[in-house]
Amino acid sequence: MAHGTGEATGTRPAGPAAIRRSWRLPPEAEPERPRYPVVRRLVLGSALMLFLELALIRWLGSNVVHLSYFSNFVLLGSFLGVGLGFLIARRSWSVLPAGPVILTVLVAATLLAPVTIDRAGDQIIYFTSLSTSGPPAWLVLPLIFVLVAAVLAAPSEVVGRCFGELRPLTAYRWDLVGSLIGICSFTLLSFLGAPSVVWGVLVTLAFVVLIGGWQRGVAAVAGAVMIAFLLVETIQPGISWSPYYKVHTEDRTYAGLPLTDISVNGVPHQIVRAASQRLVEEPQYGYPYLRSPQNPLRNVLIIGAGSGSDVAIALAKGAQHIDAVDIDPRIMQIGAEKNPDHPYSDPRVTRHVNDGRAFLEATDTTYDLILFALPDSLALVTGASQIRLESFLFTEEALTAARDHLSPDGAFSMYNYYREQWLIDRLAGTVEAAFGHAPCVDLSEGAQAVVTAALDESKQSCATAYTPSGTVVAPASDDRPFLYFQGGAIPPLYAWTLGGILLISLIAVRALGGPFREMRPYADLFFMGAAFLLLETKNIATFALLFGTTWLVNALVFAGVLVIVLAAVETTRRFRTPPLPVVFGGIAAALAVSYLVEPAWLLTLPLVPRLLVAVLLAFVPIYLANVAFAKRFAASDDSRSAFGLNLLGAMLGGCLEYLALLTGYRNLLVLVAGLYLLAFLLTPRRGGALVSL
């Protein structure tokens, strides 16, 4: 059932029209007239798949303490579930009716028996002030992984059965359309700050539509139970949602003064209190001003402005104008409503909801003081294993950018409770590398620290000279933005958990897909899936650096990838594309160009040229890779097995993504190239020729 295997025929002379027709697929290879009931079911199933995946990543991360640091494991579970769903679609039995029941069990268990992933050790730091307990990560992560896979297998089975009723590229086309609907719907909910009960209602409705017969009633009942649990969560006092977190606020008084506690994803995050009260009880907040006593404070930049406490302190110290930047709109809104000093109502303050690094790169303003005011996150950028929301803010390049935005009298300062002495040493070393001289380092209780450096060393006033406690870890870089990773081998937690996940996956695939030798014809598609996931991950990291780690940038990258993949499919459906060796050669060339062009060069460009170059560098290899996939996929005899194995390959790519801790993101392109080469070498051949369009 391969497309485009014939040649254009005819006896008429070749003219312009004939030449144009020669680039199109022959009539017998044109896609069939779609059967709209099947197409509608396919689109709904695909939309549900991606929407549910994104909802679970966000919701589970907000309710299982510290799971937001491991959201990639939910993503891997989703890939396994989708791949298994395609394999189940070849069977006579169905997992679809069990989907809403399993989802309800997952939601109920999460809310009724909350757990924290016990984090021990200091090789990677996780920000929290909780005393964690509960099952260890190596037990919780695989359990969540299995349940997520079981849930996602249900809508995936629907899509897989529709694939069996349509030609491969026609089915793939509508799958991509459904995926775009799913991601756009979830993005809209994020923009609106919709509570969890909304996604619960939408998912239940989709399941009820997809499930027929008496089992539809079971799905409706299970969905109603799940909605009830999510409604209870939604109506709890003080609960709201930002694009990144589940936010909980609680008002109380302390020493007769009002304050508000803010927790996100179950972890204490900020305290909204009067600046005068904070300066008395937490004097470290005054150190940035004490260490640069001659600072005129005409123009101040505060990154991590949050609920406004640091802004109020800067105003109390005499700041004449403040640019207050924070990535989370909900946290800033809470500050505007509840901060007793009302700093965001002050005409001297301008609010910016943006990523701190992106703001630094975009502004041409010069500042007398730049503060990184406790900018730590409790979440990863979706689809990237170790990029946190603030990762690109603490690289050597970022601190150099901060230095370049200082006035001659200016100073830079950062403060937080950094948890480990080696991290304080690393940050002080990074500031020294960026400014060319040692900073002031003020230590207080525990591992709290304030690191301050004036542009002119003679204008900083340190209490004592700072001496590192031992060997200083090299600064984080834009290519390796893993500030909280001390270095060395991949942490055992990741290695063992990923090994367990791969073992579970192999057992599940063997049980549902049959002997592996039967899947041998699609081994190339497996490695294409792994390569594509790594390529997508690298592009997410690059766009996060160039344009910010905001939820909107992330959503636009995912949507852009789907649009480019859809364009590749439409190209393959409608036009005669070059043979596979030529396409793979184009992939290699595009990857080489992407490897040679460093993101740092693009940061020097204005926004529009930077966007154009970034899009070309990111999406040309993706486009060519998906032309190769579409050609190969269209020639498959069993589209469900082929597509399922491709998705399982993406799981391998998700595991290999952790190698970025050792190689950096740029060198992932070398691994991507190797995986595509392996896919090319494994492409089946008939009569010495590659099986393709």
Side-chain angles (χ1 to χ4, degrees), residues 1-5 76 79-80 82-84 86-87 90 160 163 168-169 171-172 502-503 505-510 512-538 565 568-569 572 577-592 621-657 659 667-693:
M1 201 164 65
H3 295 195
T5 54
L76 293 176
F79 283 138
L80 176 62
V82 174
L84 294 180
F86 271 80
L87 296 179
R90 305 182 306 169
F163 265 59
L169 288 188
Y172 191 26
L502 288 176
L503 179 61
S505 303
L506 286 173
I507 294 172
V509 172
R510 175 62 179 81
L512 294 173
F516 290 114
R517 63 178 178 273
E518 295 181 5
M519 305 179 196
R520 168 63 181 83
Y522 306 117
D524 56 324
L525 296 179
F526 175 86
F527 288 106
M528 283 189 191
F532 180 76
L533 194 282
L534 282 178
L535 183 57
E536 184 179 49
T537 297
K538 199 277 178 186
V565 174
V569 171
T572 309
T577 53
L580 270 181
V582 175
V583 178
F584 272 99
I587 295 171
L591 291 175
I622 287 177
Y623 175 79
L624 293 174
N626 280 278
V627 168
F629 173 77
K631 288 169 69 68
R632 175 69 182 93
F633 183 59
S636 63
D637 297 321
D638 182 350
S639 63
R640 289 174 290 192
S641 295
F643 199 67
L645 207 59
N646 178 256
L647 290 166
L648 293 171
M651 255 198 66
L652 174 63
C655 294
L656 293 176
E657 178 192 341
L659 291 176
N667 286 328
L668 283 185
L669 291 174
V670 177
L671 182 55
V672 170
L675 288 169
Y676 274 121
L677 175 61
L678 190 56
F680 175 71
L681 295 175
L682 290 173
T683 302
R685 287 161 170 78
R686 293 175 186 165
L690 293 178
V691 176
S692 67
L693 290 177

- Item | Euclidean distance, L678 CG relative to D524 CG, rounded to 0.5 Å | 9.5 Å

- Only one of Y172, Y522, F526 clears ring-ring contact (aromatic ring centres under 6.0 Å, His included) with F643; which? Y172

- Message: With a 4.5 Å cut-off on side-chain heavy atoms, are F527 and L677 touching?
- Response: no

- Item | Closest non-hydrogen atom pair between S505 and M651, with its separation | OG-CE, 3.0 Å

- Message: Could you tell me if the side chain of F629 sits less than 4.5 Å from the side chain of F532, heavy atoms only?
- Response: no

- Distance in Å, F163 CZ paired with R90 CZ, rounded so as to fall on 0.5 Å steps: 14.5 Å

- Item | V569 side chain near N626 side chain, heavy-atom distance below 4.5 Å | no

- Query: Within a strict 4.5 Å, meaning less than it, do heavy atoms of the P684 and R632 side chains meet?
  - Reply: yes

- L525 backbone acceptor or donor facing N646 side chain under 3.5 Å: yes

- Message: Would you say that L535 contacts L669 through its side chain, given a criterion of any heavy-atom pair below 4.5 Å between the two side chains?
- Response: yes

- Message: Give me the atom names and distance for the closest heavy-atom approach of A630 to T572.
- Response: CB-OG1, 3.6 Å

- Message: If you compare all heavy atoms of L682 against all heavy atoms of A523, which two are closest, and at what distance to 0.1 Å?
- Response: CD1-CB, 4.1 Å

- Message: Do F79 and L648 make a side-chain contact, defined as non-hydrogen atoms from C-beta onward lying under 4.5 Å apart?
- Response: no

- Query: Is there a side-chain contact between L675 and L656 (heavy atoms, below 4.5 Å)?
  - Reply: yes

- Task: Using a 4.5 Å cut-off on heavy atoms from C-beta on, say whether the side chain of V672 contacts that of K538.
- Result: no

- Item | Considering all heavy atoms, the nearest A650-L533 contact | O-CG, 3.4 Å

- Rounded to the nearest 0.5 Å, how far does CG of L668 lie from CG of L591? 11.5 Å

- How many angstroms lie between atom OH of Y676 and atom CG of L624, to the nearest 0.5 angstrom? 9.5 Å

- Message: Quick check: closest heavy atoms across K631 and L580, and the distance to 0.1 Å?
- Response: CE-N, 4.0 Å

- Return the minimal non-hydrogen interatomic distance between G653 and L534, and the atom names on each side. O-CD2, 3.4 Å

